[in-house]
Protein chains: 2
Amino acid sequence: MNSRHLTFRLLQVYAAVVSSGSVSEAARRLHLTQPTVSQQLKRLAEAVGEPLLASRQGRLSPTEAGAELYRASREVLGRFDDFGDYLDALRGGERGRFSIALVNTAQYVLPRLMGPYSRAFPEVDMTVHIGNRRQMLTRFERQEDDLYVFSHPPSLAHAVAGRFLRNPLVAVAPRGHRLAGRERVAMSELLGERMLLREPGSATRMLFDSWLQEQGLTLGATLQMASNEAIRVGVASGMGLAVLSEHVLPPEHPDLVILPVAGLPLESHWQFIVRRDRRLSHAALGFLRFAEGHLGECVEPRFVCNELAGLLERLEAAP
Amino acid sequence: MNSRHLTFRLLQVYAAVVSSGSVSEAARRLHLTQPTVSQQLKRLAEAVGEPLLASRQGRLSPTEAGAELYRASREVLGRFDDFGDYLDALRGGERGRFSIALVNTAQYVLPRLMGPYSRAFPEVDMTVHIGNRRQMLTRFERQEDDLYVFSHPPSLAHAVAGRFLRNPLVAVAPRGHRLAGRERVAMSELLGERMLLREPGSATRMLFDSWLQEQGLTLGATLQMASNEAIRVGVASGMGLAVLSEHVLPPEHPDLVILPVAGLPLESHWQFIVRRDRRLSHAALGFLRFAEGHLGECVEPRFVCNELAGLLERLEAAP
DNA sequence: ATTAAATATAGATAATCATCTATGGCATCA
DNA sequence: TGATGCCATAGATGATTATCTATATTTAAT
């Protein structure tokens, strides 16, 4: 059998003929003329090398070979219909996969979004990478992920961005610290204290450093730890003070106080970043849509800053 | 997805690319040039409406949609390979169906052939119709069967025939009859006896009648019964004499004797008849082949008269 | 930074496909 | 015995396919 030039169309036509038992009827159903169908049939029979239909008392009924071909055709056409459904699901973002890369600090909030999302779209495989800003930048350069979350995006030459969450940096001290309870604290007053800092390359550190520089201030004693958790616990146990994302603090934090330092909180925003030179997976787009629609329900209102509509518009305009 | 112009060839090419992870390699495997494969790929991706392959560190690996298409392609191609196998089996006569129509008397021998055949080809569905000559002629006119067994074929205008079995008609009398034990009996001596005859329209009757006519003889008392069995038992129990196919007699028949009538046995032959205006099913052809090869083993040698080689030759020449 | 290999693009072409309209032969049914 | 409907054949045609060769572009390896 020569399946080289066998088209799905041909099988469709054949299936229609068998199931209607008539060439003319099939032609009508398919909005074709009868000779067209006749000829297709002939071509198919030639390709198979066996007669497929025998006209038995007015009705066309398949021969042995024809019946088997009919079975095969139905299966094959069915399989491709399924594939079509799969594609639709893929395109609708109901299934598929995507990977997202988060800057460390964002891991305290994003699960609030990702949890409901993956309950709503259980068929989507989501891979989450977490690291500090520098590591995320590397992944971004290498185009390793579909979606990135940064507070300050790298060059937007090849990317588009949309803000969605406030990320205020606040100064924290252990409860009972001499500055705790004050109405107002000047930054300069902190400089005498030991500061616990994230490692260079982290976003939090970068923001804090550049703010200090703007203010013309320099730090005294420091202690560096590559983890928000470690710093938070460190502050609570009196190792020093720190400037941290508010998201890092648990809802209740009886052992810590936020100092009302002038100029703080340092306002920054997390944004979703999408490369424009890599086709965004439907699933990732679906996630953004979900975020756009459900951010308010998932995150404390005071942090919400939903500017995703604009991002989605740009993404859906030129896909 | 537009599956209208999707060919199996295209899927083959795609499957080759995915499984080799390289366009060039696939081209080599398929004895095509690389641009050909590239272009097919492009066309396929257009038809699907999604990118199918992403070049990941040197190797091409399928996207989500591409992976599903690959699965679908494999299944579909596999299904058609199976269909090819089915066709081969059909063509080899190993499977399929056919129907054969036997003249009554032949039912005493043909099972000896059909039994071994259907053990050798258990996948073939065989339908056997049995009736008297007239009924078989009607079936033949209506082209209801693949194969017919007659002793005297109808017009061979639309059919070909091949003899394979002798069918001698002999005169039988009950053991102890006055003519039994004689060295020689003249037909005229039988005419006084009552004869048990098959019905008009049966082959046995037709042969006997026309022989009598040739000899210028007329029967006396007769008794008509539409069954060889009934006649045989009737003769044994003294109802009269009969002229019957020797095949009707069991191997041992202590209550019957064959009379050595001059001019008997009436020699006739059974033949397989095949219509030429109806395509012979592969299975039926397979049965004829089997008969040609195994007749000697299945039937007492003295009855064999295998002229099927010629028939097969004609059938296989113009299929 | 060169080179080599792989991929993509462009342009060409014969084959084939998917259709159509027109027409002829056969059944079937009133 | 027409009339009607069904199927097959023939011939025509624009679209699409399956290929190629030649060349450009990208990517990987040295």
Side-chain angles (χ1 to χ4, degrees), chain A residues 1-48 51-63 66 141-144 158 277-279, chain B residues 1-49 51-63 66 141-143 158 277-279:
Chain A
M1 209 222 359
N2 182 13
S3 61
R4 226 176 161 80
H5 291 167
L6 226 55
T7 58
F8 278 55
R9 176 58 165 173
L10 207 47
L11 299 186
Q12 261 166 21
V13 170
Y14 178 65
V17 171
V18 172
S19 79
S20 69
S22 145
V23 173
S24 304
E25 178 51 30
R28 250 165 282 153
R29 260 199 230 169
L30 298 166
H31 307 291
L32 292 173
T33 60
Q34 167 267 313
T36 299
V37 176
S38 275
Q39 202 237 38
Q40 300 278 73
L41 235 43
K42 193 175 170 186
R43 208 157 62 72
L44 184 57
E46 261 161 33
V48 171
L52 300 172
L53 298 170
S55 125
R56 215 91 201 97
Q57 29 134 262
R59 227 157 181 61
L60 288 179
S61 70
T63 61
E141 294 306 331
R142 296 198 187 140
Q143 316 186 19
E144 297 190 57
H158 306 105
D277 45 7
R278 186 189 204 270
R279 198 190 140 96
Chain B
M1 209 219 2
N2 182 13
S3 61
R4 225 176 162 81
H5 290 178
L6 226 56
T7 57
F8 278 55
R9 175 59 164 173
L10 207 48
L11 298 186
Q12 261 166 20
V13 170
Y14 178 66
V17 171
V18 172
S19 79
S20 70
S22 145
V23 173
S24 305
E25 177 53 29
R28 251 164 277 148
R29 260 198 230 169
L30 298 166
H31 306 291
L32 292 172
T33 60
Q34 168 266 314
T36 298
V37 176
S38 275
Q39 201 238 37
Q40 301 278 71
L41 235 44
K42 193 174 169 187
R43 209 158 60 72
L44 183 58
E46 261 160 32
V48 171
L52 300 172
L53 297 170
S55 127
R56 215 89 204 100
Q57 31 133 216
R59 237 166 171 56
L60 288 179
S61 70
T63 62
E141 293 306 333
R142 296 198 188 140
Q143 315 187 21
H158 306 104
D277 44 7
R278 185 188 204 272
R279 198 190 139 96

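Heavy-atom basis, side chains included; hydrogens, waters and symmetry copies ignored. Residue numbering restarts at 1 for every chain, and letters A, B, ... go by the order of the sequence lines. What you are looking at is a predicted structure, and each value in this text was computed from that prediction instead of being measured.
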Distances for protein N/O vs nucleotides 14-17 of chain D N/O pairs under 3.5 angstrom?
residue: D/dT16; atom: O3'; partner: B/His5; partner atom: ND1; Å: 3.1
residue: D/dT17; atom: OP1; partner: B/Arg43; partner atom: NH1; Å: 2.7

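We find that A/Glu25 and A/Arg28 are joined by a salt bridge, their nearest charged nitrogen and carboxylate oxygen being less than 4.0 Å apart.
Rounded to a whole Å, the CG atom of A/Leu60 is 13 Å from the P atom of C/dT28. The interatomic distance linking B/Leu41 (CG) with C/dT9 (P) rounds to 11 Å, in whole Å. Rounded to a whole Å, the CG atom of A/Leu10 is 6 Å from the P atom of C/dA18. Nucleotide C/dC17 holds its P atom 16 Å from the CD atom of A/Gln12, rounded to whole Å.
When side chains are defined from C-beta on, A/Leu41 counts as touching A/Val23, because their heavy atoms get closer than 4.5 Å. Side-chain contact check for A/Val18 versus A/Leu52: every heavy-atom pair is 4.5 Å or farther apart. Side chains of B/Leu44 and B/Leu6 form a contact here, defined as non-hydrogen atoms less than 4.5 Å apart.
Nearest to the side chain of B/Pro35, among D/dC7, C/dA8, D/dA18, sits C/dA8.
Screening residues 7-20 of chain A for side-chain hydrogen bond (donor to acceptor under 3.5 Å, both in side chains), with sequence neighbours left out, gives A/Arg9-A/Gln12, A/Ser19-A/Arg29.
A/Thr36 and A/Gln40 share no donor-acceptor pair across their side chains, judged by distance under 3.5 Å alone.
The side chain to side chain contact (heavy atoms under 4.5 Å, CB included) test applied to B/Ala16 returns B/Ala26, B/Leu30, not counting sequence neighbours.
Evaluation of atom-type donor-acceptor distances gives a pair under 3.5 Å for the side chain of A/Gln39 against the base of C/dT19. The base of D/dA8 lies close enough to the side chain of A/Gln34 for a donor and an acceptor atom to sit less than 3.5 Å apart.
OP1 or OP2 of C/dC20 lies within a sub-4.0 Å distance of a side-chain N or O belonging to A/Thr36. At the phosphate of C/dA6, neither OP1 nor OP2 sits under 4.0 Å from any side-chain N or O atom of B/Ser22. For D/dT19, neither phosphate oxygen OP1 nor OP2 lies less than 4.0 angstrom from any side-chain nitrogen or oxygen of B/Thr33.
Between A/Lys42 and A/Arg28, the one whose closest nucleotide on DNA chain D sits nearer the 5' end is A/Arg28.
Using a 4.0 Å heavy-atom criterion, one finds that B/Leu32 contacts the sugar-phosphate atoms exclusively.
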